[in-house]
Amino acid sequence: MATKFLALACIRKESYGDLSPRPRYPSMPRYPKGVSAQETNVEGSEAKAVFCVLGMTCAACAGSVEKAVKRLPGIREAVVDVLNNKAQVLFYPSFVNEETIRETIEDVGFEATLIQEETSDKSTQVCRIRINGMTCTSCSTTVEQALQAIPGVQKAQVALATEEAEVHYDPKILSCNQILEAINDTGFEAVLLSTGEDMGKIGLKVDGVRTHNSMRMIENSLQALPGVQSVDIDSEVNKISLSYKPDVTGPRNFIKVIESTGTGRFKAMIFPEGGGRESHRKEKIKQYYRSFLWSLVFTVPVFLIATIFMYIPGIKHALDTKLVNMLSTGAILRWVLSTPVQFIVGRRFYTGSYKALRHGSANMDVLIALGTNATYFYSVYSVLRAASSTDFESSDFFETSSMLISFILLGKYLEVLAKGKTSDAIAKLMNLTPGTAILLTLDVEGNVISEEEIDSRLIQRNDVIKIVPGAKAASDGFVIWGQSHVNESMITGEARPVAKRKGDTVIGGTVNENGVLHIKATRVGSESALSQIVRLVESAQMAKAPVQKFADRISKYFVPLVIILSISTWLAWFLAGKFHGYPDSWIPKSMDSFQLALQFGISVMVIACPCALGLATPTAVMVGTGVGASQGILIKGGQALESAHKVNCLVFDKTGTLTIGKPVVVNTRLLKNMVLRDFYELIAAAEVNSEHPLAKAIVAYAKKFREDEENPMWPEVQDFQSITGHGVKAIVRNKEVVVGNKSLMLEHNIPISIDAEEMLAETEGMAQTGILVSIDSEVTGVLAISDPLKPGAHEVISILKSMKVRSIMVTGDNSGTANSIAKEVGIETVIAEAKPEQKVEKVKELQAAGYIVAMVGDGINDSPALVAADVGMAIGAGTDIAIEAADIVLMKSNLEDVITAIDLSQKTFSRIRLNYIWASGYNLLGIPIAGGALFPGTGFRLPPWIAGAAMAASSVSVVVCSLLLKNYRRPKKLEHLDIGGIKIE
């Protein structure tokens, strides 16, 4: 999943006690107590089971199921999805089976059934393909339509700006190779970049292999390794490509096997990287640069002979020397020099035209090929006629075709150069991972035995990595020794270093600032947060904005229309000249009426530019999403950008969105004489079994009365019951303890005294949550729990008001607390005690009233509303499910980023509009001028080579206009706010 990039949401934190003074720490057991990995040999026997769990209504329910399952021996991981009523469990069959897990879930109070078919292969896979040879929107549309016509393809997107395709397909019906063949059949070259299969891939170079038998022996040894899915051999370059399960094996194991196979004769290493997006772009830049230089070698002499040398007396005489009849030396030289430019340097335009026309479409290459061929072959006709006639004076345009091709190649070179800069954000993210890492070897007790510097691509899951001050983390993991501050600005955009100590998560690519850290790798390679972010940004850049449909529609008719206009222009001027429709003085001395008409027709053909229209949206989206990623705002494509710029109503969740999301007990009032420690012992014992945030706050506060114990043992609990949305009930020390809200007390017929009522009202009036505690059916105390507001929440709401954006709060909390919070931040409309489905209803109600709604939330219960809203914004520290449902992810968890996201989308969309105005205006003005609209009145005529230069410049100008977005700065209103990232210790 693209949303697994948040380490806080993905990596389970453990508590490992106090920091050790030296690198010694306990091992992390993956198996039940008393059983070692050697005794069980279960590494390769991990199983997965998916259960349908009915009866869950909130995050607390999901938490109780997850906690119960994780207590079983042999459980590797358990994830519960309350929205889809599913639980996924990874376990070791040696210790536990599906039936035991199912019974455990039912013991918690929910109905569970095993879903057999979930263990089958995924029904959808995604592959990314680079497509070489596309020049304009017409090309990308042709490929996209061809892909969508293939049975088994569910969705296909082709991006002209990145020259890549993303295809969602059913692997049971279709394979990647068939998709590649379909693209090749359309006349373009397809190169597979990646597939969405859930496995790691690596290429190894093997030295010392002399025979095919040796390579076959290595292949067999690798195939025998557990976790290896496939092995492909390329004998020409001694390359071995492996697909494997990263949780079972890894690249270091492959190298050991290869080197042990040949008794020290073979040496293996990571295959040198190549063929990526960046190397492909550099190669393309080199190709255009070489082509342009070669065209100049021939074009400059042609230009000098046709324009400059004709006015130098001695040279003019030599060039005018007749060789055969009226055929001059100058004409022969121009013909000879322009031919390589037309057919060798300009070969790419013939190839592109043939491929397009073969599939019934026409692109920019067709226009260039027609324009240059018309000029060249008319010139050839003129030269041959002069050679065969004694009175025909040759007048050729060889310099026009050569200069036209040269200027177009220059424009293409500048365009590719500029387009590369639009994906700088991805390149920077990919370069964050360090090239090497320090691998530690530990003994059984956790002492460091040795350390070794290795290639960071050789890191495997569960490796222990040492990060020295100033070094980058080579993979995602959690700290098992040491403490330091880590700069995460390159990932989250948060400027201030974040404190890290034992148990805290570390994201790969972040910089360790001071102390030494030892981390245990949890996510490596393509699983890492950095890789997930890169994939998310790449997918965002692939997704088309709805406004791009405008350019796609135009591209279907653009080239045929231009050809018709060009022929019509030539015919109109030719007929006007033939029948003396204009004075003979209009015709230049070196031409006749036919040649003048031909030049007007060719100028119309080569000045029209479909490329500028095709690049208007994707280049701006690429730069906009890249700028967003650098500021900690991940925007999932053009659709999100287009919707966000229209937003005029924001719906906020309360807990974790407007508030920090870390409740703390701020006040305790006892209504009966009782020792406070004893009081908290009873309620902590009841609440420790609940996963609700308020329950955790109570337990954390109760621990303060037992500071002498690191992990206090609470009294034994009987008949525990969690009442969703209300509280808990249990028997502790033979006393019935009920902890929850007012509704829970009334349900159990527990009378609430006037004093308790007043305390509740007072608590809620202070924007705090009031919790009632009943012992043996008598209200004994009232707890006040506060969830502090996020810094700057009030200022953010004020700025939104000044932007004419309406703010609404929808929360599941009680109305008293909700209204107090709303009043504090300045929100006027509040919907309290709302269930997930009621949040969705409110969003739809606002949409029906004509609002463009953005929902900002962080929890599982916000996910349906995030999907229903026009734009879903997930606070970055929230849950995976919320982030999956959102269109925009705010990685820093700062409310100010809501404003930045809206402002960035507005700036990006205004840039798209500007691009379209320029591209459309250029064609609407350029075509009439090229057709001679100004010639009758002013005598101004646009030669074909200048028209070609103008066409090339239009594409470059659109890309450069998009690149100006890289200078984006967040709104000045936010500069005065001092809102940093929020971290709860």
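Index from 1, following the sequence.
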> When you check the gap from the basic side-chain N to the acidic O, do Glu758 and Arg669 get nearer than 4.0 Å?
Replying inline: no

> So, Lys801 side chain and Gly826 main chain: donor-acceptor pair closer than 3.5 Å or not?
Replying inline: yes

> For the atom pair CE (Met745) and CG (Leu772), what is the distance rounded to the nearest 0.5 Å?
Replying inline: 5.0 Å

> More than 12 non-hydrogen atoms from neighbouring residues, nucleotides or ligands closer than 6.0 Å to CE on Met766, yes or no?
Replying inline: no

> When Val773 is tested against each of Val779, Ile683, Ile698, Thr668 for side chain to side chain contact (heavy atoms under 4.5 Å, CB included), which residue passes?
Replying inline: Ile683

List the atom pairs, donor and acceptor, that lie under 3.5 Å between side-chain atoms in residues 844-857 and the rest of the protein, sequence neighbours left out.
{"from": "Glu845", "atom 1": "OE2", "to": "Lys842", "atom 2": "NZ", "distance (Å)": "3.3"}
{"from": "Gln847", "atom 1": "NE2", "to": "Ala868", "atom 2": "O", "distance (Å)": "3.0"}
{"from": "Gln847", "atom 1": "NE2", "to": "Asp870", "atom 2": "OD2", "distance (Å)": "3.3"}
{"from": "Tyr851", "atom 1": "OH", "to": "Arg806", "atom 2": "NH1", "distance (Å)": "3.4"}

>> Is any side-chain heavy atom of Met891 closer than 4.5 Å to one of Leu634?
In response: yes

>> Are the side chains of Leu904 and Tyr968 in contact, using a 4.5 Å heavy-atom criterion?
In response: yes

>> Would you say Asp476 and Thr522 are linked by a side-chain donor-acceptor pair, where the criterion is simply a distance under 3.5 Å?
In response: no

> So, for Ile785 and Leu694, which heavy atoms are closest and what is the spacing to 0.1 Å?
Replying inline: CG2-CD2, 3.7 Å

> Got a sec, which pairs hit side chain to side chain donor-acceptor pair (under 3.5 Å) with one end in residues 819-828, sequence neighbours left out?
Replying inline: none

> Given side chains that start at C-beta, do those of Met809 and Leu658 come closer than 4.5 Å, heavy atoms only?
Replying inline: yes

>> Test: ring pair (Phe, Tyr, Trp, His ring centres under 6.0 Å). Region: residues 799-844. Which pairs qualify, not counting sequence neighbours?
In response: none

>> Please enumerate all residues that pass side chain to side chain contact (heavy atoms under 4.5 Å, CB included) together with Gln906, with sequence neighbours excluded.
In response: His645, Ile902, Asp903

> Does a side-chain heavy-atom distance below 4.5 Å link Val498 with His485?
Replying inline: no

> Is the closest basic N to carboxylate O distance between Glu757 and Lys742 below 4.0 Å?
Replying inline: yes

>> Just so I know, are the side chains of Gln483 and Asp504 near enough to count as touching, which here means a heavy-atom distance under 4.5 Å?
In response: no

>> Is it the case that the side chains of Gln639 and Ser643 hold a donor-acceptor pair, with the cut-off being a distance below 3.5 Å and no angle test?
In response: yes

>> Under the ring pair (Phe, Tyr, Trp, His ring centres under 6.0 Å) definition, can you give me all pairs with a residue in residues 795-829, not counting sequence neighbours?
In response: none

> Of Val651, Thr811, Val810, which is the lone residue that meets side chain to side chain contact (heavy atoms under 4.5 Å, CB included) with Ile831?
Replying inline: Val810

>> So, using ring-ring contact (aromatic ring centres under 6.0 Å, His included) as the criterion, who are the partners of Tyr701 when residues are at least two apart?
In response: Tyr680, Phe705

> Any idea which heavy atoms bring Val627 and Leu965 closest together, and the distance?
Replying inline: CG2-O, 3.7 Å

